[in-house]
Amino acid sequence: MTSPAGVARWIAAKIGSAILVVWLVATVVFFAMRMTGDPLQAVLGGPGSQASAEAVQAAVTQYGFDKPLFVQYLLQLRDIATLDFGDSFAKHRPVAELIGEQIGSTTLLAVLALAAAWILALVGALLQAVVRGRAGRVVSAVVRGMEIVASVAPQFWLGAVMIMLFASTLRWLPATSAGNDPASLVMPVVTLAVPIAGFLSQVSRDALDDADAAPFATTARARGAGEPRVLIRHTLRHAILPAISLSGWAFGGLLSGALVVEVLFARPGLGRLLQDAALGRDVPVMVGAIVMVALIYVVVMIATDALELVADPRLKRRRRSSPIVAVGS
C-alpha cells in the first residue's frame, strides 16, 4: 500500500493547489473591482443615491474603506481563510447565506450536464465502434460531423436556438427554468452538455480506436473472445480513461458556463448571483461566489484522480511503488 508519508504529501499537494487557486482568484477579483470603480457606491445604493454625510461616514467605517487598500486586501484574505465573506454591500445579508441559497442549484445543473455529456459522448463513440462496414462509415462520418459542430457551438447561441424551437415554436418545454418543474431543467442541461459532449466524444473515440488495435485486444480475440466481450471487458475501460482525466476540466467549464445558461434561462444560481454582484459592484459577493466555485473545482479534480485509480489498476500499482508519482499527479 502507499506509505502514510506518500499519502500525506499527496494531500498536502492538493491542499496547496487549492490555497493557491483561491488566493489568485481572491486577489484578481479584489483589485479588479477596486480599479474599475468605487465599491462604496454599492453600499450606498448606487451612483444616484443621495446618502447623507453621516451615512457615508458610517459605511466607510463599517466596511473598512478608510483603511489603506493593501490593508483592506489583507483583511479580506484573513476573512477568506476562515470562510467568512462578510456581508453583501447591496443586499446587506451575509454572503455565506446568499451563496448557500444558490450553490445547490448551480451544482445540480453542472452535475446533470456532465452526466448528459458523458452519455452523449459514449453513445457517439460506441456507435462508431459497433457499426461496421459501409453503414459504419456512414455512421462514423455523421457522428464526427456532429462532434465538430457540438464542440464549437457557443452555449448562448445553442440555448437561444433551443428556446425558439422547443419553447416558442413547438411549446414542448418551458422557456425559463425558475420553477421546480423537472422539464425546466432539460434545455439548460442540454445547452451546457452538448459542447462538452462533442469534445469528450472525440477523445473517447480516438482512445477507443487505439485500444481496439492494442495487443491486449488482439490477444483477447485470439483466445476466442467475441467483439462484444472485447469491447466491454477490455477496450472500453481503457478508452474512457482520457475522458475521465478531462472530466474535472469539463466540470470547471460547466460551472463557468452556468453563468451564461442561468441568465439565459432565468434560472436561479451562482451565475445569476455573480451577474447581479458584478453589475452592483458587490465585492464580497463576487469574491465569495468565485472562491466557492474554485473550491468546488478543486474537489472535483481530486475526485477525478480517484476515479482514474479505480478505472485503471495500473495507475494504482504505479502510485503504490512511487509516492512521488502520486504527489505530482
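We number each residue from 1, following the sequence as shown. A quick note: this is a predicted structure, and the numbers were derived from the prediction, not measured.
- Atoms CE and CH2, from Met162 and Trp157 in turn, are 11.0 Å apart once rounded to the nearest 0.5 Å.
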Next on the checklist: Pair Lys91, Leu273 - check side chain to side chain contact (heavy atoms under 4.5 Å, CB included), show working.
Outcome noted: CA-CA 11 Å; Lys91 299 182 179 181; Leu273 185 66; 4.1 Å; yes
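- For Arg144, there are no salt bridge (charged side-chain N to carboxylate O under 4.0 Å, His left out) partners at least two apart in sequence or on another chain.
- Rounded to the nearest 0.5 angstrom, Phe31 CZ and Gln72 CD are separated by 9.5 Å.
- Between Asp87 and Pro94, the shortest heavy-atom distance links the atoms OD1-CA, 3.4 Å.
- Residues Trp23 and Leu77 are in side-chain contact: their nearest non-hydrogen atoms beyond the backbone lie under 4.5 Å apart.
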Checklist entry - Should Phe89 and Val285 be marked as a side chain to side chain contact (heavy atoms under 4.5 Å, CB included) after you check the CA-CA gap, both sets of side-chain angles, and the distance that decides it? => result CA-CA 8 Å; Phe89 289 167; Val285 174; over 6 Å; no
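- Using a 4.5 Å cut-off on side-chain heavy atoms (C-beta onward), Leu98 and Ser88 make contact.
- Of all non-hydrogen atoms in Ala117 and Ala193, the two that sit nearest each other are CB-O, 3.6 Å.
- Residues Leu69 and Phe30 form a side-chain contact, since some pair of their non-hydrogen atoms from C-beta on lies under 4.5 Å apart.
- For the pair Ala250 and Leu114, the tightest heavy-atom approach, listed with the atom from each and the gap, is CB-CD1, 4.2 Å.
- Put simply, the side chain of Ser184 does not reach to within 4.5 Å of the side chain of Leu173, judged on heavy atoms.
- With respect to Arg93 and Glu101, a salt bridge is recorded, a charged nitrogen being found less than 4.0 Å from a carboxylate O.
- Between the side chain of Thr82 and the main chain of Asp79, a donor-acceptor pair closer than 3.5 Å is present.
- Between Met164 and Ser168 the shortest heavy-atom distance is O-CB, 3.4 Å.
- Cluster membership for Val123 and Val142, using ILVMFWY side-chain heavy atoms within less than 4.5 angstrom, is not shared.
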Item to check | Criterion side chain to side chain contact (heavy atoms under 4.5 Å, CB included) on Leu75 and Arg78, from CA distance to verdict | outcome: CA-CA 5 Å; Leu75 291 174; Arg78 181 202 63 187; 3.6 Å; yes
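- Hydrophobic clustering places Val261 together with Phe166 (ILVMFWY residues linked when any side-chain heavy atoms are closer than 4.5 Å, directly or through intermediates).
- Considering CG of Leu122 and CH2 of Trp118, their distance stands at 5.5 Å, rounded to 0.5 Å.
- Note on Leu74 and Val71: separate hydrophobic clusters, where clusters join Ile, Leu, Val, Met, Phe, Trp and Tyr whose side-chain heavy atoms are under 4.5 Å apart, directly or indirectly.
- Through direct or indirect side-chain contacts shorter than 4.5 Å among Ile, Leu, Val, Met, Phe, Trp and Tyr, Val152 is connected to no other residue.
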Next on the checklist: For a side chain to side chain contact (heavy atoms under 4.5 Å, CB included) check, start with the C-alpha distance between Val186 and Trp172, then their side-chain angles and the critical distance, and finish with the verdict.
Outcome noted: CA-CA 11 Å; Val186 174; Trp172 289 354; over 6 Å; no
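- At a threshold of 4.5 Å between side-chain heavy atoms, the hydrophobic network of Ile, Leu, Val, Met, Phe, Trp and Tyr places Ile103 and Val189 in one connected group.
- No side-chain donor from either of Gln155 and Thr191 sits under 3.5 Å from a side-chain acceptor of the other.
- To the nearest 0.5 angstrom, Leu274 atom CG is 6.0 Å from Met286 atom CE.
- The side-chain heavy atoms of Asp282 and Pro284, taken from C-beta on, include a pair separated by under 4.5 Å.
- Pro188 is not listed as a side-chain neighbour of Glu262, based on a closest heavy-atom distance of 4.5 Å or more.
- Nearest heavy atom pair, residue Ser151 against residue Ile148, reads OG-O, 3.0 Å.
- In this structure, Gln102 contributes its side chain and Gly269 its backbone to a donor-acceptor pair below 3.5 Å.
- The shortest distance between side-chain heavy atoms of Leu264 and Ile163 falls below 4.5 Å.
- Taking the side chain as every heavy atom from C-beta outward, Phe251 and Ile196 never approach each other to under 4.5 Å.
- How far CG of Leu112 is from OG1 of Thr107: 10.5 Å, rounded to the nearest 0.5 Å.
- When all heavy atoms of Met187 and Ala175 are compared, the pair lying nearest together is CE-CA, 4.2 Å.
- In this structure, Leu255 CG and Leu109 CG are separated by 9.0 Å, a value rounded to the nearest 0.5 Å.
- No single ILVMFWY cluster, assembled from side-chain heavy atoms under 4.5 Å apart, contains both Leu120 and Val161.
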